[in-house]
Amino acid sequence: MLTFLSAGAGAALPPAFDLIGSNLKWLNSRRLSIWAGCEFPDFLPKQVEKIKDPYARKMASRIERIPVNLSKDCVMSSCVKPKEQKEANPVVLLHGFDSTCLEWRYTLPLLEEAGLETWAIDILGWGFSDLERLPSCDVASKRDHLYQLWSTYIKRPMVLVGPSLGSAVAIDFSVNYPEAVDRLVLINASVYAKGTGKLATLPKTVAYAGVNLLKSIPIRLYATSLAFNGLPLSTCIEWTNIGRLHCLLPWWEDATVNFMISGGYNVIDQIKHVKHKTLIILGEDDHIIDYKLGVRLHCELPNATLRQIPKCGHIPHVQRPDVVSRLIAEFVQSDQSQKAKRDCVSTISVPVMISRTCTSRYLAYPVSPPSPQFRGIMLS
């Protein structure tokens, strides 16, 4: 159980924004309007009032519920809608395992500043949707929910962004509904796990006990500290409280157990069917997803580009939102400007030999020297 939580819950929990690090000096220069006193929608748990982070507070104040019709019911589904529609295809942000759209509290405003129409959507079974009449929360239901939301409100091919397990959600969706996707962005992708494994066979009483453990503050603190190194305890606690807000909704346990016993995501055989142009983003210091899996994914996708962010952990869109937003914006606009400047992520190409998978590929690395493990990587 703990192994799954380390790879899954750590992937989804939005850990702290390290305001001490020199990498985030950009924050002080941003001209974002942050509301000190926010009015929150009444469906959010009352504990949201205790959140201090102004970016999380502002994002939470923008969350709304929209009706999404499924085969047997209508689900009032939580999301952050764009401030305005654009002519270009929209960017749609998913989140990781057992998380919410609040993961994007730092990056979404920057994408909007870059002129992109940006949605942040809570995946069915997680987030702040109304699940009082609980639908199935298995993979097929999550896929159908996303499709119905897209076909009702978005209606144009989207740039689908999936971090961690959200990458599996994005791959599964793009293979089943290729017409709905323009291109993909996969961040520290968790796509080689074979579902929830033995957890799917647990008796329900044991499954519920494990899920309650997942909700606990100690486990959430552990997952947050795993995603980052040297995080101040006070900051870790603050972001743990943000990351578990949705766990306080009354149907969270039922939805999570439903997903767990359904078997979860296994998209290994779907990867070769992805035809969309794809950007793969890796955090150099990710301690949750092995970097070799990112290299493997780059080799198995026929139309993919890989970018590595130095001094960055498992959730780059929280730790380095400046870089992630620029990477996404440049990727979206690449057809119009192939030679766009990359202030923070200028890259060079390093040849890498991959045995049995591909004979020769080029991976893009930051101009700063690549970490030693990336030199001459060999995968068997």
Engineer: So do Val274 and Val175 actually touch side chain to side chain, heavy atoms under 4.5 Å?
Structural biologist: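 Yes. Closest side-chain heavy atoms under 4.5 Å.
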
Engineer: OG1/Thr235 to CD/Glu238 distance, rounded to the nearest 0.5 angstrom?
Structural biologist: 8.0 Å

Engineer: To the nearest 0.5 Å, what is the distance between CD1 on Ile242 and NZ on Lys50?
Structural biologist: 14.0 Å

Engineer: Would you sort out whether Val191 and Ile271 count as a side-chain contact (heavy atoms from CB on, under 4.5 Å), showing the intermediate values?
Structural biologist: CA-CA 9 Å; Val191 295; Ile271 293 172; 4.0 Å; yes

Engineer: Show the nearest heavy-atom pair for residues Pro157 and Glu179, with the distance to one decimal.
Structural biologist: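 Closest approach of Pro157 to Glu179, heavy atoms only: CG-O, 3.8 Å.
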
Engineer: Considering residues at least two apart in sequence or located in another chain, which fulfil the side chain to side chain donor-acceptor pair (under 3.5 Å) criterion with Tyr208?
Structural biologist: Asp254

Engineer: Looking only at atom types and distance, does a side-chain atom of Thr100 sit under 3.5 Å from a main-chain N or O of Leu102, one as donor and one as acceptor?
Structural biologist: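 Checking the backbone N and O of Leu102 against the side chain of Thr100, a donor-acceptor pair under 3.5 Å is found.
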
Engineer: Report the C-alpha distance between Glu112 and Arg62 in whole Å, list the side-chain angles of each, state the deciding distance to 0.1 Å, and finish with yes or no for salt bridge (charged side-chain N to carboxylate O under 4.0 Å, His left out).
Structural biologist: CA-CA 14 Å; Glu112 291 180 330; Arg62 290 182 59 184; 2.9 Å; yes

Engineer: Does the side chain of Ile288 reach to within under 4.5 Å of the side chain of Asn188, using non-hydrogen atoms?
Structural biologist: no

Engineer: Which pair of non-hydrogen atoms, one from Asp322 and one from Ser325, has the smallest distance, and what is that distance?
Structural biologist: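 Of all heavy-atom pairs spanning Asp322 and Ser325, the closest is O-OG, 3.0 Å.
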
Engineer: Pair Leu279, Arg183 - check side-chain contact (heavy atoms from CB on, under 4.5 Å), show working.
Structural biologist: CA-CA 8 Å; Leu279 171 65; Arg183 55 189 67 190; over 6 Å; no

Engineer: So, the side chain of Arg220 versus the backbone of Leu214: is there a donor-acceptor pair under 3.5 Å, distance only?
Structural biologist: yes

Engineer: Please work out which of the three classes, parallel, tilted or perpendicular, describes the rings of Trp252 and His246, given edges at 30° and 60°.
Structural biologist: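 Answer is perpendicular, since the angle exceeds 60°.
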
Engineer: Measure from NZ or CZ of Lys142 to the centre of the six-membered ring of Phe259, then state whether that distance is under 6.0 Å and the direction lies within 45° of the axis.
Structural biologist: yes

Engineer: Any chance you could measure Ser164, atom OG, to Leu94, atom CG, to the nearest 0.5 Å?
Structural biologist: 12.0 Å

Engineer: Distance-only, no hydrogens or angles: does the Trp251 side chain make a donor-acceptor pair with backbone N or O of Arg133 under 3.5 Å?
Structural biologist: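 A pair under 3.5 Å: no.
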
Engineer: Please report the interatomic distance CG(Asp122) to CG(Leu124), rounded to the nearest 0.5 Å.
Structural biologist: 10.0 Å

Engineer: Indicate yes or no: does Arg156 engage Glu117 in a salt bridge with an N to O separation below 4.0 Å.
Structural biologist: yes

Engineer: If we ignore hydrogens and angles and just use 3.5 Å, is the side chain of His276 paired with the main-chain N or O of Pro178 as donor and acceptor?
Structural biologist: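 Indeed, once roles are kept as given, a pair shorter than 3.5 Å links the two residues.
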
Engineer: Measure from the side-chain N and O atoms of Ser167 to the backbone N and O of Ser190, and report whether any donor-acceptor pair falls under 3.5 Å.
Structural biologist: no

Engineer: Of all the heavy-atom pairs spanning Ser225 and Cys236, show the shortest one and how long it is.
Structural biologist: N-SG, 4.2 Å

Engineer: Look at the side chain of Asp73 and the backbone N and O of Val75, then say whether any donor-acceptor pair between them is shorter than 3.5 Å.
Structural biologist: no

Engineer: Just how far is it from atom CZ of Arg143 to atom CG of Asp138, taken to the nearest 0.5 Å?
Structural biologist: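 The CZ atom of Arg143 sits 8.5 Å away from the CG atom of Asp138.
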
Engineer: Give me the atom names and distance for the closest heavy-atom approach of Gln333 to Ala114.
Structural biologist: NE2-O, 4.0 Å

Engineer: Any side-chain heavy-atom pair from Ser61 and Glu39 closer than 4.5 angstrom?
Structural biologist: no

Engineer: Answer yes or no: is there a donor N or O on one side and an acceptor on the other, between the side chain of Arg296 and the main chain of Tyr192, under 3.5 Å?
Structural biologist: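 Between the backbone of Tyr192 and the side chain of Arg296 there is no qualifying donor-acceptor contact (under 3.5 Å).
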
Engineer: May I ask you to decide if His317's main-chain N or O and Thr107's side chain share a donor-acceptor pair within less than 3.5 Å?
Structural biologist: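 Side chain of Thr107 to backbone of His317, a donor-acceptor pair under 3.5 Å: yes, one is there.
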
Engineer: Evaluate side-chain contact (heavy atoms from CB on, under 4.5 Å) for Asp130 paired with Phe43, printing each intermediate quantity in order.
Structural biologist: CA-CA 8 Å; Asp130 184 355; Phe43 57 78; over 6 Å; no

Engineer: Would you call Arg65 and Glu132 a salt bridge, taking side-chain N to carboxylate O under 4.0 Å as the test?
Structural biologist: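 Answer for the salt bridge query: no.
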
Engineer: Do other residues, nucleotides or ligands put more than 12 heavy atoms under 6.0 Å from the NZ atom of Lys272?
Structural biologist: yes

Engineer: So do Val68 and Thr152 actually touch side chain to side chain, heavy atoms under 4.5 Å?
Structural biologist: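 Thr152 does not reach Val68 side chain to side chain.
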
Engineer: List the steps and the verdict of side-chain contact (heavy atoms from CB on, under 4.5 Å) for Ile66 and Leu149.
Structural biologist: CA-CA 9 Å; Ile66 57 178; Leu149 190 152; 4.2 Å; yes

Engineer: Ignoring hydrogens and angles, tell me if any N or O in the side chain of Asp172 forms a donor-acceptor pair with the backbone of Ala140 under 3.5 Å.
Structural biologist: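 No, because the side chain of Asp172 does not come within donor-acceptor range (under 3.5 Å) of the backbone of Ala140.
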
Engineer: If you compare all heavy atoms of Leu245 against all heavy atoms of Pro45, which two are closest, and at what distance to 0.1 Å?
Structural biologist: O-CG, 3.3 Å

Engineer: Using side-chain heavy atoms (C-beta onward) and a distance below 4.5 Å, is Ser141 in contact with Leu70?
Structural biologist: no

Engineer: Report yes if some heavy atom in the side chain of Leu186 is under 4.5 Å from a heavy atom in the side chain of Leu301; otherwise report no.
Structural biologist: yes

Engineer: Quick one: CG on Leu306 to OG1 on Thr278, what's the gap to the nearest 0.5 Å?
Structural biologist: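 Leu306 atom CG to Thr278 atom OG1 measures 11.5 Å (nearest 0.5 Å).
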
Engineer: So, for Gln148 and Ser151, which heavy atoms are closest and what is the spacing to 0.1 Å?
Structural biologist: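 Smallest interatomic distance, heavy atoms only, reads O-OG, 3.2 Å.
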
Engineer: Determine whether a donor-acceptor pair (N or O, by modelled atom type, separation under 3.5 Å) exists between the side chain of Thr118 and the backbone of Leu108.
Structural biologist: no

Engineer: Please confirm whether the ring centroid of His95 lies under 6.0 Å from the ring centroid of Trp104.
Structural biologist: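 Judged by ring-centre distance (under 6.0 Å), His95 and Trp104 do not meet the cut-off.
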
Engineer: Give the ring-plane orientation class for Trp119 versus Tyr153, where under 30° counts as parallel, over 60° as perpendicular and anything between as tilted.
Structural biologist: tilted

Engineer: Test of understanding: clusters of I, L, V, M, F, W, Y form through side-chain heavy atoms closer than 4.5 Å, transitively. Do Phe128 and Met76 belong to the same one?
Structural biologist: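 Result: no, two separate clusters.
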
